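Reckoned from all heavy atoms, side chains included, excluding hydrogens, waters and symmetry mates. Just so we're clear, the structure is a prediction, and the values are computed from it rather than from any experiment. The residues of the chain are indexed from 1 along the displayed sequence.
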Amino acid sequence: MKLLKLTVFALFVALCLAACSSKSPVEFSVFTKQYFDDKNALFPLEATQYGQNQYNDQLVFEMTESYRKKLGEFYTNYEKNLAQFDLKSLTEEEQNSYEIIKWEVAVGKEVLEQPTNLIPIQQFNGTHLTMGQFAGGTSAQPFATEKDYRNFLVRMEKYAVWIDSAMVYMKKGMAQNVVLPKALTLKVIPQFQDLITANPTDNLYYSAIKLMPKTIPAVKQHQLASAYAQVISQKLVPQFQKMVNFLQNDYLPACRNTSGIGALPFGKKLYAAYAKQWTTTTLDPETIHQLGLKEVARLQAEMEVVKKQVGFTGSLKEFMNEVRTSSKLKPFTTPEQVLANFDRIYQKIKPNVDRLFSLQPKTKFEIRRTEAFRENSASAEYVQGSADGTRPGIFYVPIPDAKAYNVLEDEDLFLHEAIPGHHFQVSLQQESTTLPDFRKFNWFGAYGEGWALYTESLGKELGLYQDPYQYLGMLNDEMHRAIRLVVDTGIHCKDWTREEAIVYSMNNEAGGEASITAEIERYMAIPGQALSYKIGQLKILELRHKAETQLGTKFDIKKFHEKVLESGVMPLALLENKMNAWMDSVK
């Protein structure tokens with residue numbers, strides 16, 4: 001089977017190269033389709049999230065050397081064969097596709113040079129958490145037919161083996177002192193511990209059985225329920241227990257007290273690669289750190305204005321402490337009230353969205369509470385809908401304690417995670433009829449998160465931020481992203497401790513200590529990701545200012561947003577080239 005697949009790929013490449021003399025668009029579209037298919041096979045959980053359902057029973061062991069070899073060959077093959085196309089013969093969007101593939105494989109190869117597989121688990125994202133989300137029965141994994149249920153059953157069985165592989169490579173990491181910080185391991189342990197149940201029907205992985213549609217015959221329902229219970233009790237739960245024992249007794253004592261990956265032998269080089277990957281720029285960590293300090297100072301000055309506006313006479317730090325603990329900003333007693341407030345915001349902006357956006361998605365949208373199994377360590381987030389429209393885009397809100405929930409940032413949070421932030425950008429990209437599939441389901445943090453942070457600045461144009469505290473919430477969230485530039489580079493390049501990063505954040509923003517601690521631990525877990533937001537936002541704001549200045553009365557905000565969104569995510573330099581060409585055409 002493996003030989004057949006390699007032969008098919010080799011034949012495909014040969015056909016592409018043999019036909020290269022004509023450079024026809026059809027041939028390049030075949031190339032991009034094969035790229036998407038091969039990429040999905042290497043990342044099947046992501047493929048399921050994208051609605052590519054032929055991969056729904058697949059699970060890769062991404063930490064293994066054999067997998068990493070396949071991934072390296074994928075990057076090398078596409079880098080080599082991409083060079084056979086004449087860029088000038090391609091259409092504008094095909095040229096964008098060419099440059100995107102070129103960027104992805106180059107930075108992918110750079111990251112792959114380092115032994116990241118020795119730390120296959122952390123508390124914020126990864127296979128074990130994605131599988132848990134899918135198991136809930138209401139996420140991307142489909143559960144509509146018997147085949148759907150059997151697909152996930154196969155995935156569950158593979159996941160039980162995956163846990164063994166994770167432990168094998170974590171032991172290899174222990175031998176080389178390449179391990180998680182202690183603080184992160186302490187967060188991972190309960191994620192597995194909470195999945196250990198005496199009764200399989202009480203387990204998270206049984207959730208989909210409880211939601212089984214009546215269209216599945218009763219006999220089949222009984223068979224599936226029995227099969228799920230058996231895999232849970234005989235394979236998954238013993239593995240969860242084994243992982244907990246390993247983490248508590250072996251791994252935790254071997255964990256490091258340092259916070260950043262810079263403490264690892266290859267850490268500084270890896271962080272530079274991550275910074276490039278997440279920002280899609282060549283900015284070095286020190287430049288990013290200084291940019292963060294500059295943005296923090298600018299936002300402090302804006303917060304001082306709001307402080308005076310509301311009549312607070314103490315220092316800015318005292319003001320932020322007041323905001324953090326104010327009972328007036330914690331008005332809720334139930335999770336339902338928190339969700340209802342976001343719906344109120346949604347209804348308020350609806351009439352104004354048309355004034356700023358001519359290009360809007362068809363994909364439906366929902367607001368949901370984050371699932372209980374991950375709520376305590378989760379941030380608010382957007383999970384994309386399916387391309388065929390059968391699953392809506394979902395804005396997840398963690399509400400572990402409604403009485404402690406602070407509404408300060410609700411308006412800008414909705415703009416960022418939902419509308420017109422991630423829901424607009426991701427849905428429009430998936431719905432596009434002109435982009436190749438690999439771009440419909442692609443992601444670059446600097447563009448995607450940069451867009452979402454940019455949309456927070458549209459609040460007043462959309463009828464929000466009329467309350468000075470909600471405007472302060474927007475400034476505070478922007479400050480949060482500016483702080484990320486400082487603390488992420490501080491932790492991973494300047495040997496800051498977890499505690500130093502927490503103190504810096506507490507001194508400059510209004511988040512509670514628990515949420516700030518979770519954020520800092522998130523940056524420790526996924527180095528460089530936190531850099532993407534502000535770097536992308538600043539580029540989009542720069543492009544808007546440039547367009548307004550150069551185009552004058554010809555500037556159309558709807559058209560600007562359309563041009564930014566229409567081609568989906570791309571590296572920032574590519575976006576800048578696209579927008580400059582548009583401005584020249586308008587002039």
Side-chain angles (χ1 to χ4, degrees), residues 60-68 71 110-132 159 161-195 239-275 277-278 285 377 487-502 517-530:
V60 296
F61 291 34
E62 69 275 13
M63 74 295 290
T64 62
E65 294 301 334
S66 60
Y67 173 84
R68 286 163 63 83
L71 186 58
E110 196 170 335
V111 171
L112 193 60
E113 289 174 2
Q114 309 306 330
T116 55
N117 58 322
L118 300 182
I119 306 179
I121 288 176
Q122 36 91 344
Q123 87 289 1
F124 192 77
N125 63 16
T127 294
H128 74 293
L129 292 174
T130 302
M131 282 294 292
Y159 177 48
V161 183
W162 183 96
I163 292 172
D164 273 329
S165 285
M167 287 187 282
V168 166
Y169 279 85
M170 291 166 83
K171 288 173 184 174
K172 291 182 179 182
M174 289 163 61
Q176 300 176 44
N177 294 317
V178 179
V179 291
L180 281 176
K182 275 190 168 66
L184 303 194
T185 300
L186 288 170
K187 294 296 171 67
V188 172
I189 292 170
Q191 291 178 339
F192 284 97
Q193 214 159 24
D194 292 347
L195 295 172
Q239 288 295 79
F240 296 149
Q241 185 64 65
K242 188 176 176 182
M243 176 60 86
V244 169
N245 292 341
F246 166 70
L247 289 170
Q248 288 178 331
N249 301 325
D250 301 322
Y251 197 73
L252 186 62
C255 285
R256 56 193 169 94
N257 294 313
T258 53
S259 300
I261 60 167
L264 301 176
F266 52 87
K268 294 285 199 298
K269 190 173 182 181
L270 176 60
Y271 185 67
Y274 279 144
Q277 186 177 51
W278 283 108
S377 60
V487 298
D488 200 81
T489 51
I491 290 167
H492 298 295
C493 262
K494 293 178 172 292
D495 301 323
W496 283 26
T497 66
R498 166 181 173 274
E499 290 69 29
E500 286 173 324
I502 291 169
T517 299
E519 283 288 306
I520 296 302
E521 291 173 347
R522 165 185 170 176
Y523 312 151
M524 290 162 61
I526 42 175
Q529 191 270 346

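- Here the shortest heavy-atom pairing between P115 and F266 reads CG-CE2, 3.3 Å.
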Next item on the list: Mind running side chain to side chain contact (heavy atoms under 4.5 Å, CB included) on N117 and Y67 for me, showing each step along the way?
Entry: CA-CA 10 Å; N117 58 322; Y67 173 84; over 6 Å; no
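- Between V178 and K172 the shortest side-chain heavy-atom distance does not fall below 4.5 Å.
- Under the 3.5 Å distance criterion, the side-chain polar atoms of R68 are matched with a main-chain donor or acceptor of L112.
- Atom CG of L186 and atom SG of C255 lie 8.0 Å apart (nearest 0.5 Å).
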Note to self: Apply side chain to side chain contact (heavy atoms under 4.5 Å, CB included) to residues D250 and M167 and explain how you reach the verdict.
What the structure shows: CA-CA 10 Å; D250 301 322; M167 287 187 282; over 6 Å; no
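- For D488 against P527, the heavy-atom pair with the smallest separation is OD2-C, 4.2 Å.
- Within the 4.5 Å cutoff, side-chain heavy atoms of M63 are placed close to those of W162.
- Proximity of M170 to V179: side-chain heavy atoms (C-beta onward) are nowhere separated by under 4.5 Å.
- The shortest non-hydrogen separation linking A166 to P120 is O-CG, 3.7 Å.
- Between R522 and Q529, some side-chain heavy-atom pair lies under the 4.5 Å cut-off.
- In this structure, the separation between CD on E519 and CD1 on I502 is 11.0 Å, given to the nearest 0.5 Å.
- Atom-to-atom distance recorded for K187:NZ and I189:CD1 is 11.5 Å, nearest 0.5 angstrom.
- Note that the CE atom of M243 and the CD1 atom of I163 stand 6.0 Å from one another [nearest 0.5 Å].
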Next item on the list: Show your working on side chain to side chain contact (heavy atoms under 4.5 Å, CB included) between Q193 and Q248 and close with a plain yes or no.
Entry: CA-CA 11 Å; Q193 214 159 24; Q248 288 178 331; 3.4 Å; yes
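- Considering CG of L252 and CG of L247, their distance stands at 8.0 Å, rounded to 0.5 Å.
- Of all the heavy atoms in P181 and S259, the pair that sits closest is CG-O, 3.8 Å.
- A donor-acceptor distance shorter than 3.5 angstrom exists from the side chain of Q123 to the backbone of E521, with no hydrogens or angles considered.
- With a 4.5 Å cut-off on side-chain heavy atoms, T64 and Y169 count as touching.
- Taking the side chain as every heavy atom from C-beta outward, E113 and K269 approach each other to under 4.5 Å.
- Across Q122 and V188, no two heavy atoms sit closer than the pair C-CG2, 3.7 Å.
- Counting all heavy atoms, side chain and backbone alike, A501 lies closest to V487 at O-CG1, 4.0 Å.
- Side-chain contact check for K182 versus N257: some heavy-atom pair is nearer than 4.5 Å.
- Between the OH atom of Y159 and the CG atom of D164 there is a distance of 11.5 Å, given to the nearest 0.5 Å.
- For the pair K268 and Y271, the cation-pi test (distance below 6.0 Å, angle within 45°) is failed.
- Side-chain contact check for L180 versus Y251: some heavy-atom pair is nearer than 4.5 Å.
- Q114 places no side-chain N or O within 3.5 Å of a backbone atom of T116 that could act as its donor or acceptor partner.
- Using a 30° and 60° split on the angle between ring planes, F192 and F240 fall in the tilted class, from 30° to 60°.
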